[in-house]
Each structure stands twice: as structure tokens, then as C-alpha cells.
Amino acid sequence: MNYTVTGATGHLGRIVVQDMLKMVGAESLRAAVHTPAKAAALRQQGIATVKADYLDVPTMVDALQGTDVLIYIPSKTYDVLQRVTEFENTLTAMKAANVSQIVFVSFYADQEDNPFTMSPYYAYAPRRLAGSGLQYAVVKNALYADPLVPYLPELIERQALIYPVGDAAMSFIAQNDSAEAIATVAVKPELRGAGQVYTVTQNEAYTMPRLGEVMTAVTGRTIGYQPVSVAEFGRIYAAEGDGDELGSMYAGGAKGELGLMTDDFKTITGRNPEDMTHFFENTVSTLTTILLRRTRDA
């Protein structure tokens, strides 16, 4: 079997590629990347790299030649129409390259009444796959736990989480666990190809006071919960380019639509996902570096 991973130099894609490398070896693996110059480290590992531009069907056809299973990691754009176009181009390229199997990496904020900007896309993709004639599986991720680590210095300074979700709980998954689940689904025929839909989460969903307690225990700094409004959240992070979009996601969280928990990770991998406390403890060296740098810069 030959596997192609798109988005292979992104945060999640890099981890998926490394897991696939362990599971199937470099000779069965291809990394599809938008900018080949960023893939030098992959080539040094003996992994074939190919250019893949979701908006350029011919490059996608070339990238997918000889592929048995495609692991499709979407781009990060918040433009719904562009995301749909990229996905449709990929389906067109799969047909042209005679690729019949896909593992689609998704997100769990796809409910019909979810106000998240990208909810229409995530709801569309599995329905499109169902009518595509392809053999497929969908892996939906909960919120990534990983961005919470570089966010901690700001939270320590604020002494509080500010997510506008009220009393609702949110579920998370570490990117390492997400990547393992995705790679495992790709390499095990019994887990893919029949329209399976998985949602990978930790075993606890966290209200913000509870998440603050975990962060307090790990950092030794008090982190409570002082929510702002969705509009204020968007203004605070407007400079980062995605304040309104993230605000819309947490508006869905306030409705309870980011709190889903499942046993799907264990079904896929045979083990429990890493819990939040253990995740933070495992990243303590990274956290310490961040905190020390923040202290020096203060």
C-alpha cells in the first residue's frame, strides 16, 4: 500500500507523517506539500515529497499518482468557499489519478446550528464523501490541547481564562494523539473504507473553572475564569487575524457544542488518550522555557 499525506509540513501533518513512517516505512509514504523547500527534513528521512496545491488540480493529480490511501489534511483558511473548492479539486484529482480511498481529517464543530465560521464546511465534507463513490473514513478532532501551552503566559498574566463559553464544557485532544489515530485509521483496512466517522477526544470535557484548576496545579500560578463576550474576544485577538472566527467557534462552545466526548480514540488505538494533566506535565520543559522567556522580557 502507498500512502500520501497532504499538509505534511503543517503542525499536525508533520506528526502524522512521523507516525506513518513508523507504521509503514518511508518506501510506502509520500508527503504532499505546498512549499517543497520546507520539506527538506522529510527528504532527509527518505520520504518522497511532492508539490500539492489544492487550488491547482494538475499538481494534485501529479501528487496523487500511485496513491492507494490519501490522508487529507485541509488548509487553514477561514474562507468556506475556498475550503470547499480545495476539497472538490482534491476529489477531482483523486478520480483522475485513480485513487479510491481517503481518510478525511475534520473537526467536530459541524452541527447544523453551530455558529462557527467553518461549521458549514465540516458539515459538507462527510456528506459529499458519502455520495462520492470513494471508500472513506472521517476523523473529527476535538479542540487541540497544544495551543494552550504557549497561551499559558498570557493566562498567568491575566490570572484567568477568558473564553466566552459560560458554564459549558469543552473537550480536547493532544495533537500527538490525533496524529496516531489518523495514521492508525489509514493503515488498518478494518478501520477505514466503509464510511466510518470517528471523533477523537480526551476522556474528560472541561468547564473553564475546571481547566483553570488543572493549569493552576501544573504552573503553580492561579488561573481562574473571567469570560469576556464573543465580540470582545474577537477584538482582543483581531491582530492575530482570526479573532472573529475563533469567537464564532466559542459561541458554539457556549451552546454546549464543543463538549462532545467519545471512546473512539481507544477504539482506534486500543489505549486511552492522554489526559490534560498528563499533557501539561509532559510539556513542562516547554512551558518552563516559555515562562522564563516571558519573565526575562518583562
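These numbers come from a predicted model, not from an experiment.
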Does the side chain of E204 reach to within under 4.5 Å of the side chain of D275, using non-hydrogen atoms? no
When you check the side-chain N and O atoms of N141 and S178, is any donor under 3.5 Å from an acceptor? yes
Should V17 and V50 be counted in the same cluster of Ile, Leu, Val, Met, Phe, Trp and Tyr side chains packed under 4.5 Å apart? no
Does L143 reach the side chain of I173, with side-chain heavy atoms less than 4.5 Å apart? no
Step by step, would you call E274 with N176 a side chain to side chain donor-acceptor pair (under 3.5 Å)? CA-CA 9 Å; E274 185 176 30; N176 282 341; 5.8 Å; no
Checking Q159 against Q226: is there a side-chain donor and acceptor pair closer than 3.5 Å? no
Per-pair distances, 0.1 Å, donor-acceptor, side chain in residues 91-99, under 3.5 Å, sequence neighbours excluded:
{"residue": "T92", "atom": "OG1", "partner": "E88", "partner atom": "O", "Å": "3.1"}

Give the minimum heavy-atom separation between L29 and L21, together with the two atoms involved. CD2-N, 3.8 Å
Under 3.5 Å, side chain of T6 to main-chain N/O of I73, donor-acceptor pair present? yes
Test: side-chain hydrogen bond (donor to acceptor under 3.5 Å, both in side chains). Region: residues 242-254. Which pairs qualify, not counting sequence neighbours? T117-S248
Go through it in stages, so that I can follow the logic: the residues are V69 and I102, the test is side-chain contact (heavy atoms from CB on, under 4.5 Å), and I'd like the CA-CA distance, side-chain angles, deciding distance and then a yes or no. CA-CA 6 Å; V69 179; I102 182 172; over 6 Å; no
Quick one: does T35's side chain have a donor or acceptor within less than 3.5 Å of a partner on A37's backbone? no
Here the salt bridge (Lys or Arg N to Asp or Glu O under 4.0 Å) pairs for residues 223-240, sequence neighbours left out, are E232-R235
N/O donor-acceptor pair under 3.5 Å between S171 side chain and L260 backbone: yes
Is there a side-chain contact between Q101 and L70 in this structure, where contact means two heavy atoms from C-beta onward sitting under 4.5 Å apart? no
Regarding E257 and N114, do their side chains bring together a donor and an acceptor under 3.5 Å, going by distance alone? yes
Is V33 linked to V5 within one hydrophobic cluster, defined over Ile, Leu, Val, Met, Phe, Trp and Tyr using a side-chain heavy-atom separation of less than 4.5 Å? no
For E213, give me all partners under salt bridge (charged side-chain N to carboxylate O under 4.0 Å, His left out), at least two apart in sequence or on another chain. R210
Look only at the side chain of T201 and the backbone of T262, and say whether a donor-acceptor pair between them is shorter than 3.5 Å. yes
Please evaluate residues M170 and M208 with respect to the criterion side-chain contact (heavy atoms from CB on, under 4.5 Å), reporting the C-alpha separation (whole Å), side-chain torsions for both, the decisive distance (0.1 Å), and the verdict. CA-CA 8 Å; M170 299 194 296; M208 294 305 94; 3.6 Å; yes
Could you please spell out the steps behind the side-chain contact (heavy atoms from CB on, under 4.5 Å) verdict for R83 and M118? CA-CA 9 Å; R83 282 267 197 115; M118 297 309 300; 3.5 Å; yes
May I have the step-by-step check of side-chain contact (heavy atoms from CB on, under 4.5 Å) for F172 and L258, ending in yes or no? CA-CA 9 Å; F172 295 82; L258 299 181; over 6 Å; no
Is there a side-chain contact between I15 and Q18, using heavy atoms and a 4.5 Å cut-off? no
Do any pairs count as a ring-ring contact (aromatic ring centres under 6.0 Å, His included) and have a residue in residues 3-58, sequence neighbours left out, and if so which ones? Y54-Y72
What ring-ring contact (aromatic ring centres under 6.0 Å, His included) pairs are there with at least one residue in residues 117-148, not counting sequence neighbours? F107-Y122
What pairs with R158 under salt bridge (charged side-chain N to carboxylate O under 4.0 Å, His left out), at least two apart in sequence or on another chain? E154
Nearest 0.5 Å, what's the CG-OG1 distance between D19 and T184? 7.0 Å
Distance (rounded to the nearest 0.5 Å) between L12 CG and I182 CD1: 4.5 Å
Quick one: are F265 and N272 in side-chain contact, heavy atoms under 4.5 Å? no
Taken in chain and number order and not counting sequence neighbours, the residues that satisfy salt bridge (charged side-chain N to carboxylate O under 4.0 Å, His left out) with K188 are none
dist L152:CG -> I223:CD1 (nearest 0.5 Å) comes out at 5.5 Å
Where do V80 and P120 come nearest, in terms of heavy atoms and distance? CG1-CB, 4.3 Å
Under 4.5 Å between side-chain heavy atoms, counting indirect links through other Ile/Leu/Val/Met/Phe/Trp/Tyr residues: same cluster for V230 and V228 or not? no
Enumerate the residue pairs fulfilling side-chain hydrogen bond (donor to acceptor under 3.5 Å, both in side chains) with a member in residues 59-70, sequence neighbours excluded, ordered by first and then second residue. T4-T67, R30-T67
Hey, does P273 have a side-chain heavy atom less than 4.5 Å from the side chain of N203? yes
If Ile, Leu, Val, Met, Phe, Trp and Tyr residues are connected whenever their side-chain heavy atoms lie under 4.5 Å apart, and connections chain through other members, are M1 and L64 in the same group? no
Over all atoms of both residues, closest heavy-atom pair of P126 and V138: CB-CG2, 4.2 Å
Distance-minimising heavy-atom pair for E27 and V24: OE2-O, 3.6 Å
Answer with yes or no after comparing the ring centroid distance for F104 and F87 against a 6.0 Å cut-off, counting only values under it. yes
Sub-3.5 Å donor-acceptor pair from the side chain of Q196 to the main-chain atoms of L191, do we have one? yes
For R271, give me all partners under salt bridge (charged side-chain N to carboxylate O under 4.0 Å, His left out), at least two apart in sequence or on another chain. D177, E180
What closest approach, in Å, do D53 and M60 show between heavy atoms, and which atom pair accounts for it? O-CG, 3.3 Å
Quick one, Y108 and V200 - any side-chain contact, counting heavy atoms below 4.5 Å? no
Determine whether more than 12 heavy atoms belonging to other residues, nucleotides or ligands lie under 6.0 Å from atom CG of D167. no
Are V218 and M215 co-members of a hydrophobic cluster defined by side-chain heavy atoms under 4.5 Å apart? yes
With ILVMFWY side chains joined below 4.5 Å, transitively, what does V61's cluster contain besides itself? V57
Does any N or O in the side chain of D263 come within less than 3.5 Å of the main-chain N or O of K266, such that one atom is a donor and the other an acceptor? no
Could you work out, with side chain to side chain contact (heavy atoms under 4.5 Å, CB included) as the rule, every residue matching K51, not counting sequence neighbours? P36
Give, for atom CG of L129 and atom OG of S106, the distance between the pair rounded to the nearest 0.5 Å. 9.5 Å
Within 6.0 Å of CD in E190, more than 12 heavy atoms from elsewhere: yes
Can you name the closest pair of heavy atoms from A168 and G253 and give their distance? CB-O, 3.1 Å
Taking the side chain as every heavy atom from C-beta outward, state whether M276 and L211 have any atom pair closer than 4.5 Å. yes
